[in-house]
Peer 1: 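Could you have a look at this structure, given as structure tokens, before my questions?
Start at 1 and go down the list; that is how both ligands and their atoms are numbered.
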Amino acid sequence: MIQPADFIINNAKVFTSEESNPRAEAVAIKGKRIIFVGDNNSAEIFRGDKTRVIDGQGRTLTAGFIDTHVHLLSGAMWMGHAELREVRTREDLRRILLSFANENKTDDWVAGRGIRYGIVSTRQELDEIIADRPVYIGAFDGHTAWANTKALEMAGILKEKKDIGANGIVVRDKKGLATGELREGDAMDAVFDLIPRPNENRKRELLMLAVKEFNKAGITSVHNMNGDMQELMVYAAAEDAGEMNLRVYVPFHVLPEAKEEDLQEAAEMAKVQMDYVRGGAAKFFMDGVWESYTAFNIHPYADDPNAKVEPIFSLEHFTRMATLCDKMGLQIAVHCCGDGAVRQTLDGYEAMQKMNGVRDSRHRIEHIEVCQPEDMPRFKELGVIASMQTSHAPLSLEDDLVWTSRTGEERWHYAFPWRSLKNAGATLSFGSDWTVAPFDPMFNIHVGLNRVKYSPADPDQRLTLEELIIGYTRDAAYVEFKENEKGQIKEGYLADLVLFSHDLFEMKPEDIKSAKAVMTMMDGKVVFEEQV
Ligand SMILES: [Zn+2]
């Protein structure tokens with residue numbers, strides 16, 4: 001007796017991400033698993049009285065998307081702040097901040113997020129918009145923020161040069177007064193920490209709002225790229241309450257001041273292996289970002305040869321801490337934007353392998369905005385994964401003059417080297433780094449498909465739609481050691497699926513952004529469905 005399915009999705013263009021059976025028409029689901037992948041006719045035997053049949057209407061069905069680099073909880077908290085991503089001029093900023101301030105009259109603070117570089121640079125510019133309430137706005141990449149005079153006074157850093165911590169610069173003018181620009185975590189936190197945090201209820205509400213938005217974009221799993229036990233427990237509580245419609249993998253953030261015994265927390269987190277929420281990894285930052293001259297580079301900055309950058313961890317320090325993590329069986333992920341950071345991390349991984357021996361560790365490097373050609377084959381040699389975010393790359397030279405002028409033409413050949421790394425044998429996985437970039441996979445795929453060379457001499461780094469989807473599904477599942485459970489549409493696999501509004505493979509690459517998820521399923525439950 002064949003057990004009837006709970007769902008049959010038929011008439012779809014199924015892209016399975018599975019090599020031996022890449023395409024199909026229909027999928028049947030029972031409970032939380034896929035029980036059939038094949039043609040429309042054969043799927044019929046699974047139809048029972050209670051089976052819900054979803055007509056795919058010739059549109060693409062893929063495995064649920066896995067975003068391998070997001071900041072979920074902090075991003076969710078940002079959802080309670082003014083959205084500045086679309087701001088292009090100071091006038092736009094004025095309009096949005098004033099209306100946000102007006103809608104949130106009872107809050108003291110006016111906080112915004114996601115602004116581009118080059119729109120404001122001083123506290124006076126913000127004072128012109130709002131002077132009587134403290135104002136704090138964060139750059140899209142999370143590495144710089146700007147505050148008005150009132151906020152700087154409240155933080156006690158306008159005049160006073162108090163100790164804010166090693167990882168941060170309060171930019172000062174000739175008189176020693178803070179200009180309003182705050183670079184990197186400790187400087188930003190000197191002000192940000194004063195903004196009242198949402199209470200537990202509001203926190204849960206914002207998290208659920210974020211999860212809903214991820215589902216709406218076709219995302220069913222994320223790798224949360226920083227975290228600690230407390231954050232893991234917020235997700236775990238949501239899973240316990242039956243509200244967590246997203247699988248979350250949470251590494252422990254190893255700060256540069258962390259002591260060896262602090263890694264015990266990562267070991268405790270690794271013991272948490274729930275259906276949706278789990279630990280098992282450690283995250284390091286080797287450097288900052290090119291935009292704020294904090295990327296650790298091999299050659300000087302093109303537009304400021306005097307800018308001196310030290311890595312956040314020395315090679316010895318990183319190797320020591322990473323070796324301990326590796327011994328504990330943790331996966332390691334390291335933020336590296338500069339080519340120097342990439343090289344030093346690979347050196348550390350190599351030294352660690354010599355000490356601990358080779359195991360199936362799947363350690364990873366995040367971002368890789370520039371990589372020297374001699375380091376590219378080392379990803380394959382050392383078994384290191386390239387976790388990349390296509391939409392961080394300027395779509396064209398004109399799209400982001402700040403990034404392209406910091407790096408300079410010489411380095412553009414090795415910039416965001418997706419194709420070069422793939423050719424060198426590296427496994428690539430994709431993500432957004434939300435809130436740095438929007439998490440909509442179609443936006444990230446758009447850049448992956450349509451990026452224009454910054455100089456005619458550059459190699460073409462674009463990827464195909466198949467490669468991008470595989471990096472977002474099958475290979476992303478591999479990155480988190482779940483390749484036998486999800487990331488492919490295959491019998492026995494978890495029913496994490498997404499049906500799109502179009503046959504993606506029939507679309508012109510330049511139109512891909514107009515496609516969107518119309519139905520997202522996780523664990524065999526419909527978690528998002530477009531209402532028609
Ligand atoms: Zn990140």
Peer 1: Is the distance from the Zn ion (ligand 1) to some N, O or S atom of His71 under 2.8 Å?
Peer 2: yes

Peer 1: Would you check if the Zn ion (ligand 1) lies under 2.8 Å from any N, O or S atom of His69?
Peer 2: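 So His69 does bind the Zn ion (ligand 1) by this criterion.
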
Peer 1: Using ring centroids (six-membered ring only for Trp), state whether Phe285 and His253 fall under 6.0 Å.
Peer 2: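 They qualify: ring centres under 6.0 Å apart.
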
Peer 1: Any N/O/S atom, side chain or main chain, of Asp433 closer to the Zn ion (ligand 1) than 2.8 Å?
Peer 2: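 Looking at Asp433, which is the residue asked about, there is an N, O or S atom under 2.8 Å from the Zn ion (ligand 1).
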
Peer 1: Could you tell me whether the side chain of Ile469 reaches within less than 4.5 Å of the side chain of Leu504, counting heavy atoms only?
Peer 2: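 With C-beta onward as the side chain, the pair touches.
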
Peer 1: Quick one: which of His71, Glu231, Lys283 gives a side-chain hydrogen bond (donor to acceptor under 3.5 Å, both in side chains) with Asn226?
Peer 2: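 Answer after filtering His71, Glu231, Lys283: His71.
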
Peer 1: Please find the pair of heavy atoms, one from Arg451 and one from Ala393, that lie closest to each other, and give the distance.
Peer 2: CD-CB, 4.2 Å

